[in-house]
Number of protein chains: 2
Amino acid sequence: MTTTGAPRMIQDRALRPTAKVLPEHIRLNNRTLVLQTLYRTGLQSRADLARETGLTRVTVSDLISELMGENLVIELGQRQEPRPGKPATLLDINRVAFQIVTLDLSGHTRLRGAVLSLDGVVLSSSGIDLADARGEAAYDKVAELLAQVIARATAPILGVGIGSPGIVDRAGVVRNAPNLGWRDQPLQARLQNATGLPVRVVNDANAAVLAEHSFGGADHDLLLVKVGHGVGAGLLIGGRAIFGERFAAGEIGHVVVGTDDGPLCACGKSGCLEAWLSVPRLTSAIQDATDAATTAAEAELVIDQILTEAGRRLGIILAPVVGALNLLEIVLSGPPELLDGTLSAATVETILSRTMATETGDLTLRMTEQGEDIVLRGAAVMVLSAQLGVS
Amino acid sequence: MTTTGAPRMIQDRALRPTAKVLPEHIRLNNRTLVLQTLYRTGLQSRADLARETGLTRVTVSDLISELMGENLVIELGQRQEPRPGKPATLLDINRVAFQIVTLDLSGHTRLRGAVLSLDGVVLSSSGIDLADARGEAAYDKVAELLAQVIARATAPILGVGIGSPGIVDRAGVVRNAPNLGWRDQPLQARLQNATGLPVRVVNDANAAVLAEHSFGGADHDLLLVKVGHGVGAGLLIGGRAIFGERFAAGEIGHVVVGTDDGPLCACGKSGCLEAWLSVPRLTSAIQDATDAATTAAEAELVIDQILTEAGRRLGIILAPVVGALNLLEIVLSGPPELLDGTLSAATVETILSRTMATETGDLTLRMTEQGEDIVLRGAAVMVLSAQLGVS
DNA sequence: CATGTTTGTTAGTAGATCTTACGAACTAAA
DNA sequence: TTTAGTTCGTAAGATCTACTAACAAACATG
């Protein structure tokens, strides 16, 4: 099978065409369409696929035999339900034939890695302490972790997906990642050379929003806010991730909130979102409050105020974005003990009170259900999308 | 030729495919590709087109003869430059064979209409006073104006494009337009029935951003802010307009600015962008200042303060959007005597001071060069895109 | 004047889907 | 038990697309 190079899909769109299309491209489109349908619903017959895709049974049969030849699809016996007619042969993606390896470099002190099934389930995970490594030393840590994780795979590896903090361009070059001490680090190309596997590197928040989109259910436009040592966002509109003109979309951590100043930020400005909302800032503020309080009730009250204010600040930043994009779904990723409850309630209330209620009335804001594996799973989505055209 | 129904184009994209593709679709894609190339550069030979599109001369010839049969393309004699080889036959879109009719319903008191060439040049324009007509009466005014404009066309009409204020869905139903007294007004369908022509209705700010994109040059992501009786925005990312989950993208007029309250808005909230920035509010504030001032210099000073503050408020709203989308190009549309200069300088300065300089350093903010015809021209882009796949 | 280049067309090939037709295998009713 | 009807998967041939190869026409250059 093709293990390198993204499939070239074909689609109608309200855009001027930019490239010619050949008969072989339509084959790839329909092949991917069948694979996608099978990936999503699983356990279908050729006839089912024909009905769902609009292709004829003949064409589906042909595509399926091609996919079976690549070990991507397998037959799973005949359907048992008593129905008139010849019983259908059930098909499914061969979900155990390949595995996906992904890394999450967004941890402040620890890098994580995992082997995932084609369904995005974490089969095994590993980690390595960054130990303040920067620049080339940080790269070595990444390469070491990657080799470890690859060794733990128990099936051929479909590809490697990596979520990195900082600005990452379309070629997988990390343009700027202060925490890792990288500037213009060609991570994707280097690791692809080192491993011989197809590698995809994207920003961690962008990976996260892909995970939320693919595994989180609804097919809405989506804004994911990732709160950790810093604050970043991933944005998905019309089914596609937004990367931005300079690949810095979602970098809202150093946008100033409100018109009443605020705490000094490491970047030099006052009142940046990160200065209100980052995990270090919240935990230390809570610690201070706990230390200063004389009773547990008093501490709780102050903590509530801190979280409410942080949530409100997030809402102030998000309101114009929600209004401009007419977003209806916002997802938070980060420590639930900080974000869930008081903080997110304050955020949604602030957004609603600052935008047109008629347009944002059914806004939902919730915690992600992907937990700490969100970047690892999102990186897997990248690989599935790049290698199989599936997600 | 096909005068109704959008062409179905085909394109590679990083998205899962949602529909099957047939050989006839690839024909349409390549046909549109050729037409698009010709539309953009004009005066090319079949061999030139083949080189530019990547198709073979044979295929281009075939497509061209089809397009010539529909009177969309014409031959313009042989190239004169002395070059070796058989002289090339120059081709061009038949730019005088069709005309486009568009309406701009966004004026507070007056509706405008125009006949445009395929190049988007206004050939003749008309207008009609709204005279406070609302609901069905407003529809009648629109239909009357449309009939007038259609009568002034001097060539077959490719289609009708309409920019309407308010929330407009993909089917051209005006979901909500307070100024015209419309709720769920199926404008596109009604006018299509009435005229027998293909009609496209979109939000006025969305039309404007399309005009700016097609005629304004650069191929960047683009945010257009349209300041008039209200304040709205149109957003274009990756070459496509963003409509939003409920078709209300760009509705930033009633987003609250800052954390220090502000003037009461008609919507009930305090400190909405429209309460700071709309044309009526600015003109009346300036009028008051002029009346109250004892000297011209004093008046000028106060006016400067008013405009600076309005610009600053706009910047405060836009900063999170610019950060989240990593936008580099913002365009203002509206009365230049209000927006150009002091106000826009304050806006750009505010945005830069509230975002990460490294990511937004090369942000440009400028007035549109499309002037008052921006919606009319944008509506023409809609028609070109829908009928020919060209823009 | 011969040579090389470029243009646009004709003829035939390869790849993709489709329609039509058919055997296989099952359920349900006579 | 037989018959009819249904559904599945496959086979053969038709249609549509763009491609390659080849060629005549028309020009510039040495």
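Residue numbers start from 1 in every chain, and the chains themselves are labelled A, B, ... in the order their sequence lines are given, proteins ahead of strands. Computed from a prediction, not measured in an experiment: that's the story for all the values here.
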Which residue lies more 5' along DNA chain C, comparing B:A88 with A:P84 via nearest heavy atoms: B:A88

Separation of atom CG in B:N29 from atom P in C:dA16, rounded to whole Å: 17 Å

Sole residue of A:R31, A:R46, A:R27 in side-chain hydrogen bond (donor to acceptor under 3.5 Å, both in side chains) with A:D62: A:R27

May I ask you to evaluate whether A:N30 reaches the phosphate of C:dA16, defined as a side-chain N or O under 4.0 Å from OP1 or OP2? no

Can you tell if the side chain of A:V168 reaches within under 4.5 Å of the side chain of A:L187, non-hydrogen atoms only? no

Which is the 5'-most and which the 3'-most nucleotide of DNA chain D that has an atom under 4.0 Å from a heavy atom of chain B? D:dT17 to D:dA28

A:Q80 CD to C:dA25 C1': how many Å, rounded? 14 Å

Using whole Å, what does the distance between atom P of nucleotide C:dA16 and atom CZ of A:R31 come to? 12 Å

Which residue lies toward the 5' end of DNA chain D, B:V60 or B:P87, if each is placed at its nearest nucleotide? B:V60

I want to confirm an ordering. Mapping A:S61 and A:G85 to their closest nucleotides on DNA chain D, which one lands closer to the 5' end? A:G85

Note, B:H25 side chain near A:I26 side chain (heavy atom, < 4.5 Å): no

Taking only the side-chain nitrogens and oxygens of A:R27, find out if one of them lies under 4.0 Å from OP1 or OP2 of C:dT17. yes

With sugar-phosphate meaning primed atoms plus P, OP1 and OP2, does A:R79 contact a base, only sugar-phosphate, or nothing at under 4.0 Å between heavy atoms? nothing

Whole-Å distance between C:dG8 P and B:K86 NZ? 7 Å

Check the distance between C:dA25's C1' and A:L90's CG and give it to me in whole angstrom. 15 Å

Close side-chain approach of A:V21 and B:N30, heavy atoms under 4.5 Å: yes

Residue pair A:G120 / A:F215: nearest heavy atoms and the distance that separates them: CA-CZ, 3.8 Å

I need the single residue from B:V383, B:I100, B:L197 that forms a side chain to side chain contact (heavy atoms under 4.5 Å, CB included) with B:I157. Which is it? B:L197

Search all heavy atoms of B:T37 against all heavy atoms of B:T41 and return the closest pair with its distance. O-OG1, 2.7 Å

Determine the contact category for B:D62: base if any of its heavy atoms lies under 4.0 Å from a base atom, sugar-phosphate if only primed atoms, P, OP1 or OP2 are that close, otherwise nothing. nothing

For residues 76-86 of chain B, tabulate all N or O donor-acceptor pairs below 3.5 Å that involve a side-chain atom, not counting sequence neighbours.
unit_1, atom_1, unit_2, atom_2, d
B:R79, NH2, B:D48, OD2, 2.6
B:Q80, NE2, B:Q78, O, 3.2

Rounded to the nearest 0.5 Å, the CG atom of A:L55 sits from the NZ atom of B:K20 at a distance of 6.0 Å

Check the distance between C:dT5's P and B:R57's CZ and give it to me in whole angstrom. 14 Å

Do any side-chain nitrogens or oxygens of A:T56 fall under 4.0 Å of OP1 or OP2 in C:dC18? yes

Give A:V58 one of three labels, base, sugar-phosphate or nothing, depending on what nucleic acid heavy atoms sit under 4.0 Å from its own. base

B:I64 has an atom CD1; how far is it from atom C1' of C:dT7, in whole Å? 14 Å

To the nearest angstrom, the NZ-C1' distance between B:K20 and C:dT17 comes to 9 Å

Near DNA chain C, which residues from residues 37-50 of chain A have a heavy atom under 4.0 Å away? none

Any side-chain heavy atom of B:L35 sitting closer than 4.5 Å to one from B:V73? yes

